[in-house]
Colleague: 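After the structure tokens below, expect a handful of questions from me.
Each ligand, and each atom within it, is numbered from 1 in the order the structure gives. Values in this document were obtained by computation on a predicted structure and should not be read as measured data.
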Amino acid sequence: MAYCFVTRQLPGTALERLAAVHEVDIWPERLPPDPATLRKLSVGAAGLLTMVSDPVDASLIAASSGLEAIANYGVGYDNVDVEAATERGIRVGNTPDVLTDATADLTFALLLAAARKLPQAIATVRAGDWITWEPMAHLGAEVQGATLGIVGLGRIGQAVARRAQGFDMNVLHTGSRSGSRISLESLLQRSDFVSLHCPLTPETFHLINERTLALMRPTAILINTARGPIVDQPALRTALENGTIAGAALDVTDPEPLPANDPLLSGPNLIVAPHIGSGTRAARERMADLAVENLLAALAGRRMPHQVNEV
Ligand code: NAP
């Protein structure tokens with residue numbers, strides 16, 4: 001029996017299966033443990049179940065001498081210093097596939113909402129400004145037949161491309177390795193909608209910046225359901241203000257949560273959702289299943305079913 005620390009209560013029954021085999025502490029609060037508390041509670045743990053709000057950095061890993069496994073609840077694992085974990089022989093796992101469709105659905109929900117200015121239109125109803133049917137009001141962009149540029153044609157990017165086929169969209173894509181990709185510059189110049197689906201890495205940090213935003217069409221809409229720091233937010237704010245692009249819909253920001261007084265939020269034609277891409281009950285329960293399977297395997301001395309490093 002090993003000691004595991006889980007940084008948040010999770011939906012479903014997966015944590016009961018973990019607790020049947022190991023000694024488990026689950027952080028009970030709505031807010032995550034702050035970094036110092038996380039470090040303190042990780043000392044002595046053999047297994048950690050963490051998520052996007054938990055910075056599992058080199059100092060935490062160095063302080064946790066008995067740590068054998070980090071199961072991250074999410075497909076992205078940029079919150080974990082994987083290199084530091086690998087150096088110490090600690091397995092790191094993620095939860096791919098089970099959240100792909102949920103995240104692709106949210107991506108399309110944001111794309112459609114931004115194209116049709118849905119939040120602004122709904123707000124006029126609540127404000128009592130719906131006084132007549134108007135031929136010129138709330139005019140949005142046509143999605144049918146438009147060109148969608150997908151940055152990172154991995155699991156989620158491909159699921160978004162499948163949805164785009166139903167709208168007869170012309171899909172372009174870029175990636176770091178994939179064969180039929182085009183350059184990011186060409187994708188930005190040719191797309192009516194640009195959707196980000198690459199991981200956050202040193203290469204993708206601020207991939208969307210003043211220079212790359214300037215390549216986009218003034219009618220184009222940016223959708224980001226990948227990670228906030230892939231977009232240079234002050235540059236995006238300026239691009240929205242200046243009409244360099246027509247709109248943006250973000251499920252992820254930098255930082256998270258985005259403070260209510262962040263300058264970005266005063267930008268025009270902007271939708272911000274609170275990082276809910278994987279947020280269906282079924283997806284979140286399956287993510288818990290995978291994270292627990294990862295921990296159980298690693299604590300039994302086996303490779304995790306979804307391990308992201310070689311140890
Ligand atoms: P994936 O299958 O690994 O796909 C990532 C794709 O990004 C790969 O095709 C990869 O291409 C490409 N890529 C890597 N570096 C790139 C670069 N420099 N420029 C352009 N493309 C690059 O991952 P996934 O399961 O689709 O998830 C993608 C990301 O979505 C995750 O990393 C996570 O951050 C985010 N996510 C967010 C939510 C949410 O709640 N909003 C939910 C799930 C996932 P190559 O194979 O050619 O390297």
Side-chain angles (χ1 to χ4, degrees), residues 8 10-11 50-56 72-80 82 92-111 113 148-164 171-188 191 194-209 212 215 222-231 248-258 271-288 290-291 306-309:
R8 221 75 71 76
L10 301 179
T50 55
M51 52 211 74
V52 65
S53 41
D54 306 313
V56 184
N72 210 46
Y73 183 73
V75 66
Y77 47 87
D78 46 276
N79 58 306
V80 179
V82 177
V92 179
N94 68 345
T95 64
D97 300 317
V98 294
L99 42 52
T100 294
D101 287 316
T103 309
D105 286 348
L106 197 270
T107 302
F108 239 84
L110 289 175
L111 185 155
L148 170 64
I150 295 180
V151 179
L153 195 74
R155 287 168 292 238
I156 297 169
Q158 289 173 43
V160 170
R162 285 196 293 277
R163 282 153 180 76
V171 177
L172 307 173
H173 71 90
T174 172
S176 66
R177 291 189 301 262
S178 25
S180 57
R181 69 185 189 272
I182 60 168
S183 72
L184 177 66
E185 285 71 17
S186 175
L187 180 144
L188 295 173
S191 297
V194 173
S195 193
L196 307 179
H197 299 290
C198 52
L200 172 62
T201 63
E203 291 76 44
T204 62
F205 177 80
H206 285 189
L207 191 71
I208 302 300
N209 53 39
T212 49
L215 296 171
L222 175 72
I223 300 114
N224 186 8
T225 59
R227 282 290 182 266
I230 298 170
V231 176
L250 316 174
D251 183 44
V252 287
T253 59
D254 184 16
E256 290 185 6
L258 193 66
I271 298 173
V272 180
H275 202 149
I276 55 170
S278 65
T280 66
R281 177 166 294 281
R284 291 273 168 87
E285 288 187 4
R286 290 193 301 255
M287 288 163 66
L290 289 200
H306 298 285
Q307 190 169 314
V308 301
N309 62 346

Colleague: Could you measure the distance from the CG atom of D251 to the CD1 atom of I223? Nearest 0.5 Å is fine.
Modeller: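 That separation rounds to 12.0 Å.
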Colleague: Rounded to the nearest 0.5 Å, how far apart are CG of L188 and CD1 of I208?
Modeller: 5.0 Å
Colleague: Judged on heavy-atom distance to atom 30 (O) of ligand 1, which of I156, L196, L207 sits nearest?
Modeller: I156
Colleague: N/O to N/O below 3.5 Å, does that happen between T103 and ligand 1?
Modeller: no
Colleague: For atom 22 (C) of ligand 1, state which one of C198, G279, G228 supplies the nearest heavy atom.
Modeller: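 That would be C198.
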Colleague: For ligand 1 and T100, I'd like to know whether there is a polar contact (N/O to N/O, distance under 3.5 Å).
Modeller: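 T100 vs ligand 1: no N/O contact under 3.5 Å.
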Colleague: What atoms of ligand 1 come within less than 4.0 Å of a heavy atom belonging to H275?
Modeller: 39 (C), 40 (O), 41 (N)
Colleague: Answer with yes or no whether the side chains of D97 and T100 bring together a donor and an acceptor at under 3.5 Å.
Modeller: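 No pair is found: no donor N or O on one side chain lies under 3.5 Å from an acceptor on the other.
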Colleague: Check each atom of ligand 1 against the heavy atoms of D251 and keep those under 4.0 Å away; list them by number with element.
Modeller: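 Going through ligand 1 atom by atom, the ones under 4.0 Å from D251 are 39 (C), 40 (O), 41 (N).
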Colleague: Between the side chains of T225 and T103, does any donor sit under 3.5 Å from an acceptor?
Modeller: no
Colleague: How many angstroms lie between atom CG of D105 and atom CD1 of I156, to the nearest 0.5 angstrom?
Modeller: 11.0 Å
Colleague: Between ligand 1 and P96, can you find any atom pair, the residue atom being a heavy atom, that is separated by under 4.0 Å?
Modeller: no
Colleague: With respect to T204, determine whether any N or O atom, backbone or side chain, lies less than 3.5 Å from an N or O atom of ligand 1.
Modeller: no
Colleague: Pairs of nitrogen or oxygen atoms closer than 3.5 Å, one from G154 and one from ligand 1: do any exist?
Modeller: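 Right, the criterion is met.
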Colleague: Using a 3.5 Å cut-off on N or O atoms only, is R155 in polar contact with ligand 1?
Modeller: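 Yes, at least one N or O pair falls under 3.5 Å.
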Colleague: Kindly compute the distance separating CD1 (I150) from SG (C198), expressed to the nearest 0.5 Å.
Modeller: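 These two atoms lie 12.0 Å from each other.
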Colleague: From atom 14 (C) of ligand 1, work out which of S278, P199, A226 has a heavy atom at the shortest distance.
Modeller: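 Of the listed residues, P199 has the closest heavy atom.
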Colleague: Classify the side-chain pair T107/R163 by whether it contains a donor and acceptor separated by less than 3.5 Å.
Modeller: no
Colleague: Distance under 4.0 Å to a non-hydrogen atom of L153: what atoms of ligand 1 satisfy this?
Modeller: 9 (O)
Colleague: What is the distance from atom CG of L250 to atom CD of E256, rounded to the nearest 0.5 Å?
Modeller: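 Reported value, rounded in 0.5 Å steps: 10.0 Å.
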Colleague: Which residues satisfy the side chain to side chain donor-acceptor pair (under 3.5 Å) test with R155, sequence neighbours excluded?
Modeller: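 None.
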Colleague: Only heavy atoms of V75, strictly under 4.0 Å: list the atoms of ligand 1 that pass.
Modeller: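 By the 4.0 Å cutoff, the relevant atoms are 25 (O), 27 (O), 31 (C), 43 (C), 44 (C).
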